[in-house]
Amino acid sequence: MLRYVSNKVTVFLTSRVYSTRSHVGSTISSNSWTTVVTALAQSGVIDALHAAVELLNDGDKPDDASALIHLLRVSGNNGYVSLCRQLHGYVLKHGYVSKTRLSNSLMRFYKMSDSLEDAHKLFDEMPEPDVISWNSLVSGYVQAGRYQDGLCLFLDLHRSDVVPNEFSFTSALAACARLGILLLGACIHSKIVKLGMERGNVVVGNCLIDMYGKCGSMDGAVLVFQHMEERDTVSWNAIVASCSRNGELELGLWFFHQMPNPDTVTYNELIDAFVKCGDFDSAFQILSCMPNPNSSSWNTILTGYVNSEQSSEATLFFTQMHSSGVRFDEYSLSIVLAAIAALAVVPWGSLIHSCALKLGLDSRVVVASALIDMYSKCGMLKQAELMFWTMPRKNLIAWNAMIYGYARNGDSTQAIKLFNQLKQERFLKPDGITFLNLLAVCSHCEVPMELTLGYFEMMVNEYGIKPRVEHCCSLMRAMAQRGEIWQAKRVIQEFGFGFDGVAWRALLGACSAGKDLKAAKAVAAKMVVLGEVDEDEYVYIVMSNLYAYHERWREVSQIRKIMREKGVEKEVGSSWIQEQNFAMQF
DNA sequence: TTAGGGTTAG
């Protein structure tokens, strides 16, 4: 068996080695593990790998695990995935599994090659995982965006006999930050203080600032920053980012002016801060004056336009990026695709698609998901499907984008079918967005009420997702469509959204769709009590239209009068003209 | 203590 495996190793290696060999020349004169390890650690990497494989082929077992660790590191770093997997087989066969460091090294390889499940399996098989084994897996999950899995594992670590260290806490804090779980983040902070890890480790401090900032606690972020014994550029950037994120522009600028050596990230944070408060002029000013702007600097402004629903401006800015010679990255493309999706201009979307193909970015998850989204928003479901099914790796965002595509185009059968397929996926599970899309399908198409309710219950009970107001709105729309307005009203109360204007607004929309004047009057009255009516023409328009439908003209003119008095008037319909310039730029 | 683990922008 070993001979067979090793032969494959040799074949694999030689097929890649020959071309480089003539340039590098052989540096290995005598084959022994000592010389091989020295070579692996220094130079002549390819030759050293070759020599190592020859030793394995000859049945020459390494004295200890360290040679195999070196071998794994070097082969992993050079992309010899198949060799690494075969080395794992060798490790299993020759009983090296109990060597914790060696297993950690294998875990590193599996993490590097995006095989977290293999890393976890290996971890489970380790007789004595140490703190590095735990940290490696926790950080693997966190870096892969599987924050909940990472946190669960971190909590398991806490319950184990292994003592967590600084590294364990930094990964856990990053997960809390991304999930916005301030309570757990603060608990971890107190644990860090108790263990005396807060001082003397700048990275821990940086993670704390980031966690507080992302969880909306500006005070927490500033407090940590002020108490840090040592600060590096990341600390300063993290505090400026916290200010930007929490709308504290002036405080952010104050920190910026104190900062010894601002770098590109710092300037980008400032651009972001200005863009977030709508001050695009200042953002431009920083962009034109900053020392080393990169694609992120431009992308930040581009994102600002998209987030403030200025899609046309976003596309114009994108052409400006192109003419300024900015190198587009996957984010530039995905952001501009969002703008194009909002404008629903298919030719521009196709142009960006070609651009992505040309740059070799079309299979990146952010770009592919944005393309799916753009095509489905433009009504081109077949194109969206093609993108989805040809993606080499589909993450949840891609699945959600495709389900949303069906939802938007009213194809409930396909949306539900795809959702059922997603449920079968081993390493993905539906999230709140998935269910939002699914419930939207149910509320727009004629999906049986039992099925709709079933999905809602599945979300809460099976997947433990707390319903947000948007989920309840979809459920209410579905109920209202069947004339069950009063049951829909019960949903608002039952899930504690009685004081949420958005929920009542949705219910009013549902009453309007069902032409139910009596129910609409009750809902509008509730909205008046909640103060949701002032400066919002929606309630007036809905009520006026409903009264008109029921030919109650006296009430219609009364509402129009109130609207005139309050200065709330129906928005004038707007249209857009395609800027031909955009297409001309490419 | 040369081998394995951590932080900031979208």
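Naming convention: chains lettered A, B, ... in sequence-line order (proteins, then strands); numbering from 1 in each chain.
- Picking from B:dG6, B:dA9, B:dG4 the nucleotide with the shortest atom distance to the side chain of A:S139 gives B:dG6.
- In this structure, the ring of A:H88 has its center no less than 6.0 angstrom from the ring center of A:F109.
- Residues from residues 205-215 of chain A with heavy atoms under 4.0 angstrom of DNA chain B, sorted by number: A:N206, A:C207, A:D210, A:K214.
- The side-chain hydrogen bond (donor to acceptor under 3.5 Å, both in side chains) search around A:Q148 returns none, not counting sequence neighbours.
- No close placement of the A:W134 and A:F154 rings is indicated, their centers lying 6.0 Å or farther apart.
- Between A:H322 and A:F318, a ring centre-to-centre spacing not shorter than 6.0 Å is recorded.
- In summary, the aromatic rings of A:W236 and A:F256 are positioned with their centroids too far apart to meet the 6.0 Å limit.
- Of the residues in residues 234-268 of chain A, those with a non-hydrogen atom less than 4.0 angstrom from any atom of DNA chain B are A:V234, A:N237, A:R245, A:V265, A:N268.
- Remark: A:E330 pairs with A:R364 by the salt bridge (charged side-chain N to carboxylate O under 4.0 Å, His left out) rule, at least two apart or across chains.
- When distances are taken from the side chain of A:Q143 to each of B:dT7, B:dG4, B:dG10, the shortest belongs to B:dT7.
- Remark: A:R327 engages no residue in a salt bridge (charged side-chain N to carboxylate O under 4.0 Å, His left out) (not counting sequence neighbours).
- Residues meeting the salt bridge (charged side-chain N to carboxylate O under 4.0 Å, His left out) test with A:D149, sequence neighbours left out: A:R146.
- Atom CG of A:N135 and atom P of B:dG4 are 14 Å apart (whole Å).
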